Amino acid sequence: MAATSSQLSLPTSLDSVQIQSLPATAFYIADFITEEEEQLILQRVEAAPKPRWKHLSHRRLQTWPSDLLHDKLLDAPLPSWLIDPVITRLLTIPVHTRTNDDSDENNKRDNIFSDSPHLRPNHVLINEYPPGVGIMPHKDGSAYHPVVCTVSLGASLCLNIYKNNDDGTLQTEPVARILQEPRSLLITTDNLYTDYLHGIADIEEDVDILPSTIANWDLLRSRDPFASGQNTRKTRVSLTYRDVLKVSKLGNKFGLFKRP
Ligand SMILES: O=C(O)CCC(=O)C(=O)O
């Protein structure tokens with residue numbers, strides 16, 4: 001039987017689900033949403049009006065509440081199906097295990113968005129990856145507060161983490177791989193956000209899936225599906241939640257509603 005939200009055993013703090021083998025800092029929660037919640041979100045993604053989809057050469061994506069314009073977001077609420085359960089649940093998880101020491105600064109840092117300008121994500125990208133399709137290595141840039149929360153739906157795949165050489169060229173081999181299972185939450189922040197690139201290979205099958213090659217091996221829901229060392233790709237949908245730093249309350253700042 002599928003887990004209900006009350007049956008999900010969320011960690012008491014993100015500290016306990018930190019991916020220790022990675023540069024600072026990433027957290028992985030294998031069971032962040034239930035199967036029922038996963039299906040409901042996938043239905044809403046599918047039911048979005050056709051113009052919501054932006055078609056790239058192989059991948060398609062939706063941007064909620066809208067695209068950025070010159071790194072700015074036009075103030076608008078996210079739809080409720082992108083807030084609940086993901087954002088509401090995310091904000092309940094403390095970063096650090098609480099101590100009884102009232103002067104402990106860590107006790108005040110309540111959740112992963114406590115230091116962000118809007119105290120919560122205000123923007124969601126929805127990417128759909130059919131088998132064989134990935135995303136080029138890239139950094140997410142300065143438009144966002146440096147925290148990315150990715151919920152995976154439908155299928156598993158490996159996210160590759162890369163570093164640039166001193167001359168700015170991309171190193172050919174990833175420095176690490178994170179296996180993202182359906183219904184999982186991956187949070188990347190700190191130097192991992194600013195100094196490293198991330199990408200997904202355009203392959204039909206992830207190979208060499210081993211304890212020594214998968215950074216979050218110990219945090220996976222189950223290692224059984226990968227016992228052969230392979231993961232045959234199926235269509236995966238990801239939701240990436242971020243806080244856009246600059247939000248414009250006035251459409252006319254963009255020249256959208258200029259008076260004649
Ligand atoms: O789908 C993912 O897990 C990665 C998405 C991504 O790289 C991005 O939105 O910048």
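The structure displayed is predicted, hence computed values, not measured ones. The chain is numbered in sequence order, starting from 1. What's counted below: heavy atoms across the whole structure, side chains too, no hydrogens, waters or symmetry copies. In each ligand, atom 1 is the first atom listed, and ligand 1 is the first ligand listed.
- Residue Asn127 has at least one heavy-atom neighbour below 4.0 Å for each of these atoms of ligand 1: 9 (O).
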TODO: Might you work through the side chain to side chain donor-acceptor pair (under 3.5 Å) test for Arg183 and Thr34, ending with a clear yes or no?
DONE: CA-CA 7 Å; Arg183 302 182 295 288; Thr34 66; over 6 Å; no
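- Between Asp67 and Lys54 a salt bridge is recorded (basic side-chain N to carboxylate O distance below 4.0 Å).
- The pair Asp140-Arg242 meets the salt-bridge criterion, since a charged nitrogen lies less than 4.0 angstrom from a carboxylate oxygen.
- Residue-level proximity to ligand 1 for Arg242 is carried by the side chain, the only part with a heavy atom below 4.0 angstrom.
- Of the protein's non-hydrogen atoms, the one nearest atom 4 (C) of ligand 1 is Tyr129 OH, 3.6 Å.
- A donor-acceptor contact closer than 3.5 angstrom links the side chains of Asn165 and Thr169.
- The aromatic rings of Trp81 and Trp64 sit perpendicular, their planes meeting at an angle over 60°, well past the 30° parallel limit.
- Interface atoms of ligand 1 facing His198, defined by a heavy-atom separation under 4.0 Å, are 6 (C), 7 (O), 10 (O).
- In this structure, the protein non-hydrogen atom closest to atom 3 (O) of ligand 1 is Arg236 NH2, 2.9 Å.
- Distances below 4.0 Å separate heavy atoms of Thr150 from the following atoms of ligand 1: 3 (O).
- In summary, the atoms of ligand 1 found under 4.0 Å from a heavy atom of Gln180, numbered by their order in the structure, are 3 (O).
- In this structure, the protein non-hydrogen atom closest to atom 10 (O) of ligand 1 is His138 NE2, 2.8 Å.
- Inclusion of Asp140 in the set of residues having an N or O under 3.5 Å from an N or O of ligand 1 is warranted.
- Residues Arg60 and Glu46 are paired through a salt bridge, judged by an N-O separation under 4.0 Å between the basic side chain and the carboxylate.
- Distances below 4.0 Å separate heavy atoms of Leu125 from the following atoms of ligand 1: 9 (O).
- The closest side-chain donor-acceptor pair between Ser80 and Asp84, if any, does not fall under 3.5 angstrom.
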